[in-house]
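Order of listing sets the numbers, starting from 1, for every ligand and every atom in it. Every heavy atom of this structure was used, including side-chain atoms; hydrogens, water molecules and symmetry mates were not.
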Amino acid sequence: MLVNLLEFDLEHLSEYCESLGEKRFRATQLFRWIHQRGAKSFDQMTDLAKSLRLLLESNCTITPLKVLSRQNSKDGTIKWLFDVGGGDAIETVFIPEYDRGTLCVSSQAGCAVGCVFCSTGHQGFSRNLTTAEIISQLWFVEHTLREEFARQDRIISNVVMMGMGEPLQNYSALIPSLKTMLSDHGYGISRRRLTVSTSGVVPMIERLGQDAPVALAVSLHAPNDALRDRLVPLNKKYPLSELRIACESYLAVAPRDFITFEYCMLDGVNDTLLHAQEILDWLRPPPFSQLRALPAKVNLIPFNPFPASGLKCSPPETVKEFAQLLLNAGIVTTVRKTRGDDIDAACGQLAGEVLDRTDVSTRMSKQKVIPLTPVNLSRLPVGTTD
Ligand code: SAH
Ligand code: SF4
């Protein structure tokens, strides 16, 4: 069987080149062709010896995911739906801003955590994505947009692992993907601009700190165990006290000196001032507890509704008062702007639109396939580095 080279980070590609009887440094050239120049075939790689190109051609491929559809939002956000086989699809969202281009990447088809407010969670778990499937999302979007806008420089400056799935429950495929994103020979994304978002897989937070210490966002959503057990079922396994310890340890290796906590505002569920006060107490326990304050930024996410959830978003006034209480206490607090909601690309709306996972033809026929049209050029981000 042919080996898909999108599966390898640079270290693995070097080992692979060695196994073919080639020098390890050839891997760097090959890696740059694939990730920096978006090469799809070995013919293009003119600075590699013809014999090596032939060898590669008979052993490997560069095979990205197949696009099922693309939707352009009026705010410049673009969402792609990719086929991952077996009746599953995953979504990837590009969010342009004036000083950056952010890609929201999926790590699993579905998700096993089952948070009650999340559309992916409602869909259930199908399978882990491979490294090739994770990195393929970045490879495809970066090179497609570069070609569309005739740009040589980087389009995607930030990556957030906030698409479908729980990245820390797909650890072995996640780490080589992060390494490829970070590599100067790959996408050169800075550690501060690469964020892993997790619902709180405590042991893996610690391992992430050792293997690829990137920016960490923790999906909090509730300030006490009783409520968090209901909203984020993983809390029953890893309660808030353990999550707090993991966050504290992570700070020692994190590229930023705070952890971001995400908090989805659900009307009448987790949005009272008492809840805001509880967050404060969790972040800054009283002196007699002997716990240190946890340096944190809180990101309030207005809940993006979907019918099966039976939940509503908190009214804007409630969100404002909630934020104000935290701000008054000196906690940096932001309210996330919703992007791409006209194309269901906002947080928690990513469900891959899989209607019947057992029947590909049913799902395919129900996909709304949008023709590939370029987005408004003026919305293009500047490919900044940190
Ligand atoms: N599984 C990871 C990453 C993917 S979810 C995690 O849970 O962190 C990315 C973010 O979107 C999380 O903070 C998640 O809680 C939030 N989210 C999920 N569903 C949402 C919804 N319906 N409205 C708003 N935010 C949502
Ligand atoms: Fe999974 Fe994250 Fe959705 Fe929870 S919020 S179900 S962990 S994708």
Side-chain angles (χ1 to χ4, degrees), residues 90-93 95 102-129 134 137 158-171 173-174 177-178 194-202 204-205 208 214-222 227-238 243 246-247 250 259-267 269-271 296-314 319 334-341 344-352 354:
I90 54 136
E91 297 184 341
T92 308
V93 182
I95 307 145
T102 302
L103 194 69
C104 180
V105 170
S106 293
S107 57
Q108 297 180 314
C111 182
V113 178
C115 301
V116 295
F117 50 83
C118 173
S119 167
T120 310
H122 274 250
Q123 177 190 327
F125 178 66
S126 194
R127 71 168 174 86
N128 278 329
L129 298 187
I134 296 173
Q137 299 168 60
N158 296 49
V159 172
V160 290
M161 297 302 303
M162 290 188 187
M164 297 166 70
E166 169 48 58
L168 295 187
Q169 286 189 339
N170 184 13
Y171 196 76
L174 176 73
S177 310
L178 296 181
L194 176 50
T195 302
V196 168
S197 176
T198 179
S199 53
V201 191
V202 164
M204 293 301 156
I205 292 178
L208 182 70
V214 296
L216 184 69
V218 172
S219 294
L220 188 63
H221 308 308
L227 183 57
R228 199 163 188 270
D229 282 354
R230 276 174 48 210
L231 299 181
V232 184
L234 192 68
N235 194 70
K236 293 181 202 140
K237 198 161 178 194
Y238 304 115
L243 183 58
C247 290
Y250 197 83
I259 305 280
T260 302
F261 290 98
E262 289 165 295
Y263 197 95
C264 183
M265 296 294 288
L266 302 163
D267 188 26
V269 176
N270 64 354
D271 64 348
K297 186 183 146 192
V298 174
N299 196 0
L300 302 177
I301 316 173
F303 170 61
N304 291 309
F306 58 97
S309 71
L311 296 161
K312 281 196 310 202
C313 179
S314 309
V319 179
T334 51
V335 179
R336 184 179 293 171
K337 263 194 320 217
T338 295
R339 298 287 304 262
D341 51 351
D344 282 353
C347 292
Q349 291 183 323
L350 306 183
V354 180

- Message: Suppose I only count heavy atoms of E262 and a 4.0 Å limit; which atoms of ligand 1 are within that range?
- Response: 13 (O)
- Heavy-atom closest contact (F117 atom, L231 atom, distance): CE2-O, 3.7 Å
- Report yes if the side chains of M265 and P302 come closer than 4.5 Å at any heavy-atom pair, otherwise no. no
- Message: To check you understand the geometry: which heavy-atom pair defines the closest contact between P167 and V196, and what is its length?
- Response: CG-CG1, 4.0 Å
- Message: Consider side chain to side chain contact (heavy atoms under 4.5 Å, CB included). Of T260, V298, N299, which one does T334 pass it with?
- Response: N299
- Message: Ignoring hydrogens and geometry beyond distance, is a side-chain donor-acceptor pair present between S107 and E166 at under 3.5 Å?
- Response: no
- Note on the structure: Per-atom filter on ligand 1: closer than 4.0 angstrom to a heavy atom of M161 are 3 (C)
- Return the minimal non-hydrogen interatomic distance between S199 and R228, and the atom names on each side. O-NH2, 2.8 Å
- Query: Hey, does F306 have a side-chain heavy atom less than 4.5 Å from the side chain of H122?
  - Reply: yes
- Query: In ligand 1, which numbered atoms sit nearer than 4.0 Å to a non-hydrogen atom of I301?
  - Reply: 13 (O), 24 (C), 25 (N)
- Check each atom of ligand 1 against the heavy atoms of G163 and keep those under 4.0 Å away; list them by number with element. 4 (C)
- Task: Taking the side chain as every heavy atom from C-beta outward, state whether Y250 and L208 have any pair of such atoms under 4.5 Å apart.
- Result: yes
- Message: I need the atoms of ligand 1 closer than 4.0 Å to a non-hydrogen atom of G165, numbered in the order shown.
- Response: 1 (N), 2 (C), 3 (C), 4 (C)
- Out of E166, M162, H221, M265, the nearest non-hydrogen contact to atom 14 (C) of ligand 1 is supplied by H221
- Does some non-hydrogen atom of M164 fall short of 4.0 Å from ligand 1? no
- Task: Applying side chain to side chain contact (heavy atoms under 4.5 Å, CB included) between L243 and each of V218, V232, N235, report the one that passes.
- Result: V218
- Which residue and non-hydrogen atom of the protein lie closest to atom 2 (Fe) of ligand 2, and at what distance in Å? G165 O, 4.5 Å
- Message: So for P305, does at least one of its heavy atoms come nearer than 4.0 angstrom to any atom of ligand 1?
- Response: no
- Could you list which atoms of ligand 1 come closer than 4.0 Å to a heavy atom of C264? 23 (N), 24 (C), 25 (N)
- From M164, Q137, M162, E91, residue fulfilling side chain to side chain contact (heavy atoms under 4.5 Å, CB included) relative to V105: Q137
- Task: Using distance alone, determine whether N304 and ligand 1 share an N or O pair under 3.5 Å.
- Result: yes
- Atoms in ligand 1 flagged as close to C118, the criterion being non-hydrogen separation under 4.0 Å: 18 (C), 19 (N)
- Query: Hey, is ligand 1 close enough to S119 that some N/O pair sits below 3.5 Å?
  - Reply: no
- Item | Residues, nucleotides or ligands: over 12 heavy atoms within 6.0 Å of R127 CZ | yes
- T198 neighbourhood, listing ligand 1 atoms whose heavy-atom distance to it stays under 4.0 Å: 6 (C), 8 (O)
- Query: Nearest heavy-atom pair of D229 and K236: which atoms, and what distance?
  - Reply: OD1-N, 3.5 Å
- Query: Which atoms of the protein, restricted to N, O or S, are nearer than 2.8 Å to atom 4 (Fe) of ligand 2?
  - Reply: C115 SG
- Would you name the heavy atoms of L194 and V214 that are closest together and state the gap between them? O-CB, 3.3 Å
